[in-house]
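All residue numbers in this chain count up from 1 along the given sequence. Remember, it's a predicted structure, so these values are computed and weren't measured experimentally.
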Amino acid sequence: MNALTLPDIAAQASRQALPLEWVGMCGIALPVVINNQPSAAKADAGVSLDDGEARGIHMSRLYLALEMLEQENLTPALLRRILQRFLDSHEGLAHSAYLRIQLDLLLKRPALVSPLAGWKSYPLSIEARLKNAMFHVELKIDVPYSSTCPCSAALARQLIQQQFIEDFANRPLQHADVLAWLGSPQGIVATPHSQRSNAALHLRLDDFIDELPLIALINDAENALGTAVQTAVKRADEQAFALANGQNLMFCEDAARRLNLALRRSPGINAFQLRVVHAESLHAHDAVAESRWNWEA
Ligand SMILES: Nc1nc2c(ncn2[C@@H]2O[C@H](COP(=O)(O)OP(=O)(O)OP(=O)(O)O)[C@@H](O)[C@H]2O)c(=O)[nH]1
């Protein structure tokens with residue numbers, strides 16, 4: 001049999017000698033292991049093509065290095081080893097390596113009061129870079145929550161006061177009457193508007209961190225807001241949620257400031273930028289606030 005050598009176009013010289021900032025593959029489907037659980041993910045893997053004379057990179061070498069993600073828990077150390085393999089397999093061609101992994105982090109979250117729990121999905125993106133032996137990891141996490149407008153709450157309270165004046169005008173106040181009134185629709189003649197809201201967190205991690213602090217970060221953000229959206233809900237949980245909203249009235253500015261202060265204290269974070277979006281029910285447009293800490297674009 002005639003053994004033919006397969007043509008290797010990538011190994012040819014480029015017609016235009018020009019380095020490229022990024023070459024690779026986007027949207028690779030693969031499982032990654034987080035907290036010992038496999039999750040369906042999409043990866044973008046690439047290197048710089050610093051040798052402008054080379055026609056192309058070796059895509060298969062990047063692709064095969066990603067197999068390491070199937071074997072062990074996703075950690076900064078694992079990301080670094082994969083990126084190092086990208087570079088080792090492109091010696092002389094590439095000086096910097098990049099990997100982004102996107103998935104929905106599925107966490108079981110307890111109800112506020114009842115002994116129930118349910119699953120909540122947090123869109124997550126993990127970006128790792130290795131260049132000149134400098135290794136960086138960034139996380140992007142979306143945290144959904146509820147926000148009740150403090151201005152609307154004050155306006156609603158004023159209407160309740162007016163209703164009280166009308167209903168109890170020229171009448172001696174009886175404890176039982178007031179209690180019954182408070183429990184009637186008259187006692188809450190106006191309600192403040194509230195909305196499902198989202199905090200998009202973009203965080204730079206400490207370079208020498210051992211674990212990705214995913215759950216700790218989400219907990220810190222949700223505790224700072226006080227009104228995380230719920231999963232399994234019985235009436236007791238809904239009542240506790242109503243109380244949490246009443247005790248945590250928030251403009252988008254308030255939410256951004258709360259998150260900023262909480263994330264500064266959160267371990268393992270070097271810098272962050274965040275964007276909160278309140279999908280207003282008062283308007284057909286959103287109220288948005290952004291905040292940064294130590295962040296240089
Ligand atoms: N560089 C590059 N490769 C591409 C592209 N689109 C498809 N490929 C293919 O990706 C495949 C894998 O490339 P390599 O990793 O160089 O494959 P290989 O030469 O068999 O592997 P090595 O022996 O490790 O170099 C090749 O068949 C390429 O043709 C592209 O736009 N750029």
Side-chain angles (χ1 to χ4, degrees), residues 34-35 37 39 74 102-126 138-153 156 191-203 205 211-269 272-283 286-293:
I34 294 192
N35 302 327
Q37 286 181 339
S39 302
L74 190 61
Q102 288 175 287
L103 56 94
D104 283 336
L105 182 66
L106 207 52
L107 296 181
K108 195 148 206 188
R109 309 300 268 171
L112 290 173
V113 176
S114 70
L116 303 173
W119 294 97
K120 204 158 134 190
S121 158
Y122 299 86
L124 168 67
S125 164
I126 302 159
E138 293 184 7
L139 301 178
K140 288 181 183 169
I141 309 179
D142 281 0
V143 179
Y145 62 100
S146 161
S147 61
T148 302
C149 178
C151 180
S152 185
T191 59
H193 69 273
S194 62
Q195 46 264 327
R196 193 186 299 169
S197 306
N198 187 65
L201 312 178
H202 186 175
L203 312 132
L205 299 187
E211 301 289 335
L212 297 171
L214 301 173
I215 297 176
L217 267 170
I218 291 170
N219 286 343
D220 286 349
E222 290 188 340
N223 289 338
L225 294 164
T227 53
V229 301
Q230 299 297 301
T231 57
V233 169
K234 290 288 193 184
R235 276 172 292 156
D237 304 308
E238 184 164 356
Q239 191 172 52
F241 188 69
L243 182 62
N245 275 267
Q247 300 303 302
N248 292 281
L249 301 170
M250 273 181 282
F251 278 146
C252 63
E253 296 94 325
D254 300 316
R257 289 188 177 114
R258 283 180 183 212
L259 287 167
N260 183 309
L261 295 177
L263 293 175
R264 281 167 190 236
R265 289 194 297 265
S266 210
I269 297 174
F272 61 77
Q273 61 176 353
L274 63 91
R275 177 183 172 89
V276 296
V277 177
H278 288 190
E280 289 285 315
S281 58
L282 172 64
H283 311 285
D286 301 337
V288 179
E290 295 183 355
S291 182
R292 295 189 184 90
W293 179 66

Task: Between CE on residue M250 and CG on residue L225, distance to nearest 0.5 Å - done: 5.0 Å
Open item on the list: Among residues at least two apart in sequence or on other chains, which ones pass salt bridge (charged side-chain N to carboxylate O under 4.0 Å, His left out) with R292?
Closed with: E290
Open item on the list: I need the T231 OG1 to L116 CG distance, nearest 0.5 Å.
Closed with: 8.0 Å
Open item on the list: Is any side-chain heavy atom of W293 closer than 4.5 Å to one of L274?
Closed with: no
TODO: Measure the shortest side-chain to side-chain distance between L282 and C149 over non-hydrogen atoms and say whether it is less than 4.5 angstrom.
DONE: no
Task: More than 12 heavy atoms from other groups under 6.0 Å of CD on E253 - done: yes
Task: salt bridge (charged side-chain N to carboxylate O under 4.0 Å, His left out) partners for E211, two or more places apart - done: none
TODO: Look only at the side chain of S197 and the backbone of Q195, and say whether a donor-acceptor pair between them is shorter than 3.5 Å.
DONE: yes
Task: Worked check of side-chain contact (heavy atoms from CB on, under 4.5 Å) between L103 and I34 - done: CA-CA 10 Å; L103 56 94; I34 294 192; 3.8 Å; yes
Task: Donor-acceptor under 3.5 Å (S146 side chain, V229 main chain) - done: no
Task: Within 6.0 angstrom of R264 CZ, more than 12 heavy atoms from elsewhere - done: yes
Open item on the list: I need the L105 CG to S39 OG distance, nearest 0.5 Å.
Closed with: 7.0 Å
Task: Flag side-chain contact, heavy atom, 4.5 Å: I215 against N35 - done: yes
Task: Closest approach of N260 to F272 (non-hydrogen atoms, all atoms of both residues) - done: O-CZ, 3.4 Å
- [ ] Under the ring pair (Phe, Tyr, Trp, His ring centres under 6.0 Å) rule, collect the residues that match up with H283, sequence neighbours excluded.
- [x] H285
Task: Check: L217 and L263 side chains under 4.5 Å, non-hydrogen atoms - done: yes
- [ ] Write down the atom of D104, the atom of P123, and the distance for their closest heavy-atom approach.
- [x] OD1-CA, 3.5 Å
- [ ] Please collect all salt bridge (charged side-chain N to carboxylate O under 4.0 Å, His left out) contacts where either partner lies in residues 107-120, sequence neighbours excluded, each pair once.
- [x] R109-E222, K120-E222
- [ ] State the CG-OG distance between D220 and S266, to the nearest 0.5 angstrom.
- [x] 3.5 Å
Task: Distance-minimising heavy-atom pair for A289 and C252 - done: CB-O, 3.7 Å
Open item on the list: Determine whether N248 and R258 satisfy the following criterion, side-chain contact (heavy atoms from CB on, under 4.5 Å), listing intermediate values before the conclusion.
Closed with: CA-CA 11 Å; N248 292 281; R258 283 180 183 212; 2.8 Å; yes
- [ ] Can you run down the salt bridge (charged side-chain N to carboxylate O under 4.0 Å, His left out) pairs that involve residues 229-252, sequence neighbours left out, and say none if there aren't any?
- [x] none
- [ ] Any chance you could measure L124, atom CG, to L106, atom CG, to the nearest 0.5 Å?
- [x] 12.0 Å
Open item on the list: Please find the pair of heavy atoms, one from A117 and one from A232, that lie closest to each other, and give the distance.
Closed with: O-CB, 3.7 Å
Task: Side-chain heavy atoms of L205 within contact of P213, under 4.5 Å - done: yes
Donor-acceptor contacts under 3.5 Å from residues 138-145 side chains, at least two apart:
unit_1: E138; atom_1: OE1; unit_2: H202; atom_2: NE2; d: 2.6
unit_1: E138; atom_1: OE2; unit_2: R204; atom_2: NE; d: 2.7
unit_1: Y145; atom_1: OH; unit_2: H278; atom_2: NE2; d: 2.7

Open item on the list: When you measure from the side chain of N245 to the backbone of F241, do you find a donor-acceptor pair of N or O atoms at a distance under 3.5 Å?
Closed with: yes
TODO: Rounded to the nearest 0.5 Å, what's the gap from NE2 on H193 to OG on S147? Could you check?
DONE: 7.5 Å
- [ ] Measure across P192 and S152 and return the closest heavy-atom pair with its distance rounded to 0.1 Å.
- [x] CA-OG, 3.1 Å
